[in-house]
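Before any comments, here is the structure.
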Amino acid sequence: MAVATLIEGVRQAMDEEMARDERVWVLGEDVGKKGGVFLATEGLYAKYGEARVLDTPLAESCIVGVAIGSAINGLVPVAEIQFADFIHPAFDQIVSEAARMRYRSNGDFTCPIVVRAPWGGGVHGGLYHSQSVEAFYAHVPGLKVVMPSTPEDAKGLLKSAIRDPDPVMFFEHKKTYRLIKGEIPEGEYTTPIGPAAIRRQGGKLSCFAWGLMMHYSLEAAEAVAAEGIDVEVVDLRTLKPLDTETIVASVKKTGKAMVVHEDNLTGGFGAEISAVVAEHAFEYLDGPVLRVCAPDVPAMPFNKPQEDAFMPNPAKIAEAMRKLADY
Amino acid sequence: MAVATLIEGVRQAMDEEMARDERVWVLGEDVGKKGGVFLATEGLYAKYGEARVLDTPLAESCIVGVAIGSAINGLVPVAEIQFADFIHPAFDQIVSEAARMRYRSNGDFTCPIVVRAPWGGGVHGGLYHSQSVEAFYAHVPGLKVVMPSTPEDAKGLLKSAIRDPDPVMFFEHKKTYRLIKGEIPEGEYTTPIGPAAIRRQGGKLSCFAWGLMMHYSLEAAEAVAAEGIDVEVVDLRTLKPLDTETIVASVKKTGKAMVVHEDNLTGGFGAEISAVVAEHAFEYLDGPVLRVCAPDVPAMPFNKPQEDAFMPNPAKIAEAMRKLADY
Amino acid sequence: MTLDHDSLGLDSTLRPPWLSSLDRVLRHNQSQVSETVRQAQVRSAGLSEEQLLTMYRQMVLARAIDRRMWVLNRQGKAPFVISGQGHEAAQVGAAAALRPGVDWLVPYYRDLAFCIAMGMTALDFMYSVYARRPDPNSAARQMPSHFGLKRSRIVSASSPVATQIIHAAGIAYASKVRKLDEVAVTCIGEGGTSKGDWHEGLNFAGVHKLPFICIVQDNDYAISVPHRLQMGVDSVARRAEGYGLAGDTVDGGDILAVYAVMKRAVERARSGGGATLVAAKVARFTSHSSDDDQRRYRPQEELESLLRRDPIERFRTLLLDEGLLNEAGDERIQQEATTEVDEAVRTAEAAEPPEADDFTRGVYA
Amino acid sequence: MTLDHDSLGLDSTLRPPWLSSLDRVLRHNQSQVSETVRQAQVRSAGLSEEQLLTMYRQMVLARAIDRRMWVLNRQGKAPFVISGQGHEAAQVGAAAALRPGVDWLVPYYRDLAFCIAMGMTALDFMYSVYARRPDPNSAARQMPSHFGLKRSRIVSASSPVATQIIHAAGIAYASKVRKLDEVAVTCIGEGGTSKGDWHEGLNFAGVHKLPFICIVQDNDYAISVPHRLQMGVDSVARRAEGYGLAGDTVDGGDILAVYAVMKRAVERARSGGGATLVAAKVARFTSHSSDDDQRRYRPQEELESLLRRDPIERFRTLLLDEGLLNEAGDERIQQEATTEVDEAVRTAEAAEPPEADDFTRGVYA
Ligand SMILES: Cc1ncc(C[n+]2csc(CCOP(=O)(O)OP(=O)(O)O)c2C)c(N)n1
Ligand SMILES: Cc1ncc(C[n+]2csc(CCOP(=O)(O)OP(=O)(O)O)c2C)c(N)n1
Ligand SMILES: [Mg+2]
Ligand SMILES: [Mg+2]
């Protein structure tokens, strides 16, 4: 097992799948010679050529629409949206088209595409290079939504996504790209889309998170552990399908639940976790279901003091853990 | 007070505001001579002329973008999206632009626009003329989201929306357009954006809803009242800002909560209501927070048996009320 | 075959007196075109007699189905109808240049005649009008005229206008990369060209010189919105050059002209010469759909003038004049179409609706 | 004034030997253009000596600010830099045809020189580079170069490419309806023209013959994506006709040519003649932004050739040859610019950052 960055896991997944299956191709802005603005596709252009590693026009609806069309005609596209913030113009293609192609044609036409996008903040990205977009897509039946938080998962889940017969939204937290390093198993493996992973066992309360916030939650859990608060941290990994079984089982055990996300509070996907808990684990609940989220402002500011103030962080999370433990 | 349909309330609001303030104008597909596909703008073209009642090209992003631009230059646009299903191409203009113009310019540029769209099903509309889209927008800071369910509110809230200094998404349930009749007060009035309305007082459980489902919930409440289950039905009217005070106060009183919506379950706005209850009314809760929603399929089918199966209805709602009351 | 006057939105009680005599006027006008011109047209088209008659049959069948839909709608059996009447020559002329089952059709809701010409049967379609379980388009999940037929490479269509244009570009890109000799044809109304997706799809096709053809069926209206409020130019084909596409504006009522334009476009596509944008000027005979009433926004003279633009009548006259068809043969074709439609209606009506609970199936694989 | 070689992405340790002599080559080449041609250019432009020198000063100031940003970036004081170097003639030439405070600029991120010419000061901008509280663009909420200045009618810009085009169309529609004598000008890169919003905005402007001008600053690259993968046509101005717009392709390195094109476009707009699409061919001197390294995708010869396309050097030579400027005067202009930038940097650096908690303010009125 070699230690690698999260983005290296992403890169390897595409490289291996392209080598394995010549129907797989990559498209997006700057994915070619430049290797992507984060270098997720570095080396692929040289290895597989322009037709399979295509720099598209600057048009996100086109990127997704071409991916859909190419999938209808036998290819397996991996579309990169340069920043999740710029996925909005493709909303219609994703929601009206990709998510419904199978359903509306009663299975005659399908849409095995992957849409990758770097999301999340804490990188001086300002209002338009920092956003969380998972809530929009996790709401849409027909899509799968995957949010890896470790290099191993990034690789294994992306390989699963590429092989998945349905459209998969694959969101990579850009701050974790190089910040998060971890072991990537040697050789061929995939990680199934669906199951959550319990990253830290604990008995006092359950904390659900994904992406960078999963790491911050782990940090916070360590901090409060010293105070005798034993937190279970669940990395959801996949928001759609959501592993409600693991969520409910964890709350049954701990009796308390909180969700952490970087997206703003109202209507964020944390609400869904809360709702699942409030409906299906109600009788085990010993306290309110807390959400630690960004406030309801349109996105995080560029200037550092305000960016810091916007982001949930280990300190804020630990505070909520204490509050919940004390309830 | 005259009894009128809900769509008549909508029409009157635009007519009166256009008469009152010449900066107000209406734009959208077929809003002109035809008066809109549902006739919400009937008569306005003849009265105010083409420049103020403009048939736009078939381009939703253009409709919203032109509205934004015209607002920057002193007009007060009311943009009609023909069906909420077709609002998706304007997602970027709404989320990235309208919602953030004030915030990103520190108040120097603002966006006093209204985007109206008919939503909801039960009208043989099939996959693309039946959708609920409120969850997408109620999640977005910078927007207001209004969902009237009575003729009086449709008129009063739309007038408030037109006068609001910020972008308002105004969603009208198309099945209620002519189905729901009610009194519209004579003379000038507005209904404030924000406060929910308790449509039926009750002590046994709280049921939160909007649009057509509000009426179905009232029906269901009457049905179970005969069985001694006294339901409080809260018409949220505005999802953003959300009247959490009324929600929490109602649950404090009844100890039990459920949400009904037509949108599919996962990540629907019902999750937010559940989450608010699970966090802020936890100590008063005597039962799980239930959600009665459409299942997680991409949208409602065209054929009647399946459309009926998709839609929540008074019977399904009553069943949930009984279950919750029995808990 | 006469026009369906009712479908002009003029219901029988309101039908104005001028309508009764218009068919005669129409036939008269058309026979004034010189015979030599017509014969030259037919010869130069490079279509066999059999092909020409097949095309005529397809148009007649499509019209017969279409008219029947409106009847079913008035009978309360078809809750929603959207029509292709007036567009048939543009569609069947285009289809004649394609290879069904090889080339792709990425259609829009007026493409009934196109789909028929590519292999859809009256029954396939009637199942969807009746929202019956065997509907091959969508298992009755979608409204009728949201076409999709795998065996004929007719790609499943949604309602949002213009999304399909990019799918066609993606299909064509795959054909090119996979070195498959296929052409992707996609249709849209002139209103749909205002959408961003139309632009993005055409631009992509231009960049990669794809085997892609976009046919804009320009009927002057997008529901009620007239051409002048839709675009600042007389024909969208003028946009072709700006994308590096070939462009043609064609009289979409002239089936042979459409065929000629499409034949060139298909040759261009298959020889690597790149994509083509065709603007076919057509007439929308009916209201936009069964939910619309075009008398609200189209002047009466305009509605009247439509009757002189029936592409089927025009082709019929040509075939009669050419001696490729006689009245008896025509009668037979009409009769066959009626029979096929009658049978389709009978079978569809008798078929089961979808199982209520089945609607949660097939969201994922 | 010399080019900022570092900003070519060639950092000093890697700077190849050829760079040292290029300035001379450049100056030599440009002085070979015949004097009479130049004088004719200047006269026919219809700009006063004062106006010409003002334009020169604006370019010099913009360049000085821009170069300083890169220095601040290397010093770790400016986390993000995106540049307008090489685009200045297109921007300042365009601005010269406008009335600041009356006409609207709906800008994109390379429009530093444009904004300067419309009334933004070096300090206004430096506040945003330093993300300081008094930043009039966005109170440091946005990244630098997301311009916005109410007093100069520079409309707040976001990051998503092309959304602004429709805003400009909406502004122009309001001007027309309100009968205000205003022109809305909006800028974008050639990459941005691939987006649906660009199309939708231009189409709307064409339908209503709006007082609208779209300037495409075509620098051959969208980050790393070359022109040939962006569009199937040499110049986007070829798309003008398809929208019912006037179209012009202009050498964006030639400030007087840009001015002439824009003057006509503004006259057209103000006289009700409709909208114009201008494609200005420019050179992108720097990497896309401080996060990019253009050596990864641009060949070295191409980077070298850029140095011969400096629009400021070109205008300077013209002014010198015309006798409108002498070396001493030029020196003074350069010096003034440096001083202004120095002062702006000093003041901005000393200013307070925004209050942390203040970020929840102003989401709604
Ligand atoms: C994105 C989107 N917006 C609006 C609609 C509603 N709608 C359906 S058809 C139509 C008009 C289409 O006109 P055109 O493209 O000219 O085609 P035609 O119907 O005339 O053949 C409209 C506005 C839609 N289906 N999709
Ligand atoms: C919708 C959207 N997609 C992607 C990006 C990321 N991005 C920023 S600038 C840029 C390239 C723009 O190229 P061009 O339009 O040619 O302008 P230039 O930078 O060359 O002046 C890209 C892809 C974005 N800002 N917005
Ligand atoms: Mg049309
Ligand atoms: Mg560029």
Side-chain angles (χ1 to χ4, degrees), chain A residues 60-61 85-96 99-100 102-104 126-128 135-142 239-242 257 259 263-283 285 287-291 295-299 301 327, chain B residues 60-61 85-96 99-100 102-104 126-128 135-142 239-242 257 259 263-283 285 287-291 295-299 301 327:
Chain A
E60 286 74 14
S61 190
D85 311 64
F86 306 135
I87 201 170
H88 301 331
F91 197 70
D92 194 36
Q93 284 288 351
I94 296 169
V95 173
S96 300
R100 300 186 188 176
R102 176 186 297 280
Y103 189 75
R104 77 177 187 228
L127 265 66
Y128 297 99
F136 298 126
Y137 297 102
H139 176 48
V140 178
L239 299 190
K240 184 104 187 181
L242 182 64
V259 200
D263 197 2
N264 62 282
L265 178 82
T266 301
F269 201 71
E272 179 62 30
I273 319 288
S274 286
V276 164
V277 170
E279 176 157 4
H280 300 291
F282 174 74
E283 47 201 314
L285 266 187
V289 185
L290 300 191
R291 290 182 287 169
D296 285 324
V297 303
Y327 181 89
Chain B
E60 286 73 13
S61 191
D85 312 64
F86 306 135
I87 201 171
H88 301 332
F91 196 70
D92 194 34
Q93 284 287 353
I94 297 168
V95 174
S96 299
R100 301 186 188 178
R102 175 185 297 279
Y103 189 76
R104 78 177 186 227
L127 265 65
Y128 298 98
F136 297 126
Y137 298 102
H139 175 48
V140 178
L239 299 190
K240 184 104 187 182
L242 183 64
V259 200
D263 198 1
N264 62 282
L265 177 82
T266 302
F269 201 71
E272 179 62 31
I273 319 289
S274 286
V276 165
V277 170
E279 177 158 3
H280 300 292
F282 175 74
E283 46 201 315
L285 265 187
V289 186
L290 300 192
R291 289 182 287 168
D296 285 325
V297 304
Y327 182 89

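A note on names: the letters A, B, ... follow the listed sequences, proteins ahead of strands, and every chain is numbered from 1.
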*chain B contact via A:Phe86 - side chain, backbone, both or neither, heavy atoms under 4.5 Å*: neither
*chain B contacts, top residue of A:Pro295, A:Gly287, A:Ala299, A:Gly126 (heavy-atom pairs, under 4.5 Å)*: A:Gly287
*Is the shortest heavy-atom distance from the side chain of A:Phe269 to the side chain of B:Thr266 under 4.5 Å?*
yes
_Are the side chains of B:Val140 and A:Phe136 in contact, using a 4.5 Å heavy-atom criterion?_
yes
_I'd like to know which of B:Gly267, B:Gly270, B:Ala257, B:Gly142 tops the heavy-atom pair count under 4.5 Å against chain A._
B:Gly267
*Would you call the rings of B:Phe91 and A:His88 parallel, tilted or perpendicular if under 30° counts as parallel and over 60° as perpendicular?*
perpendicular
*Heavy atoms only: give me the nearest B:Pro141-A:Val297 pair and the separation to one decimal.*
CG-O, 3.3 Å
*Atom OG of B:Ser96 and atom CG of A:Leu127: how far apart are they, to the nearest 0.5 Å?*
9.5 Å
*asked:* I need the residue from B:His139, B:Arg102, B:Lys240 with the largest number of non-hydrogen atom pairs under 4.5 Å to chain A.
replied: B:His139
*Considering all heavy atoms of both residues, which atom of A:Glu279 and which atom of B:Val289 are nearest to each other, and what is their separation?*
CB-O, 3.3 Å
*Considering all heavy atoms of both residues, which atom of B:Gly268 and which atom of A:Glu272 are nearest to each other, and what is their separation?*
N-OE1, 4.5 Å
_Need one label for A:Leu285: side chain, backbone, both or neither, based on atoms under 4.5 Å from any heavy atom in chain B._
both
*Of the backbone (N, CA, C, O) and the side chain (C-beta and beyond), which part of B:Glu283 lies under 4.5 Å from a heavy atom of chain A, both, or neither?*
both
*Audit row: A:Arg104, B:Tyr128, side chain to side chain donor-acceptor pair (under 3.5 Å) steps and yes/no*: CA-CA 10 Å; A:Arg104 77 177 187 228; B:Tyr128 298 98; 2.9 Å; yes
*Nearest heavy-atom pair of A:Ala275 and B:Ala271: which atoms, and what distance?*
CB-CA, 3.8 Å
_So A:Pro301 and B:Tyr103, do their side chains get closer than 4.5 Å, heavy atoms only?_
yes
_Counting heavy-atom pairs under 4.5 Å with chain A, which one of B:Pro298, B:Ser274, B:Pro89 comes out on top?_
B:Pro298
*chain A contact via B:Val276 - side chain, backbone, both or neither, heavy atoms under 4.5 Å*: both
_For the interface with chain A, which of B:Leu265, B:Asp263, B:Ile273, B:Val259 has the highest count of heavy-atom pairs at distances below 4.5 Å?_
B:Asp263
_Per-residue contact mode, A:Ala138 against chain B (heavy atom under 4.5 angstrom)_ = backbone
*Does any heavy atom of chain A fall under 4.5 Å from the side chain of B:Ala99, the backbone, both, or neither of them?*
backbone
_Just so I know, are the side chains of A:Asp92 and B:Glu60 near enough to count as touching, which here means a heavy-atom distance under 4.5 Å?_
no
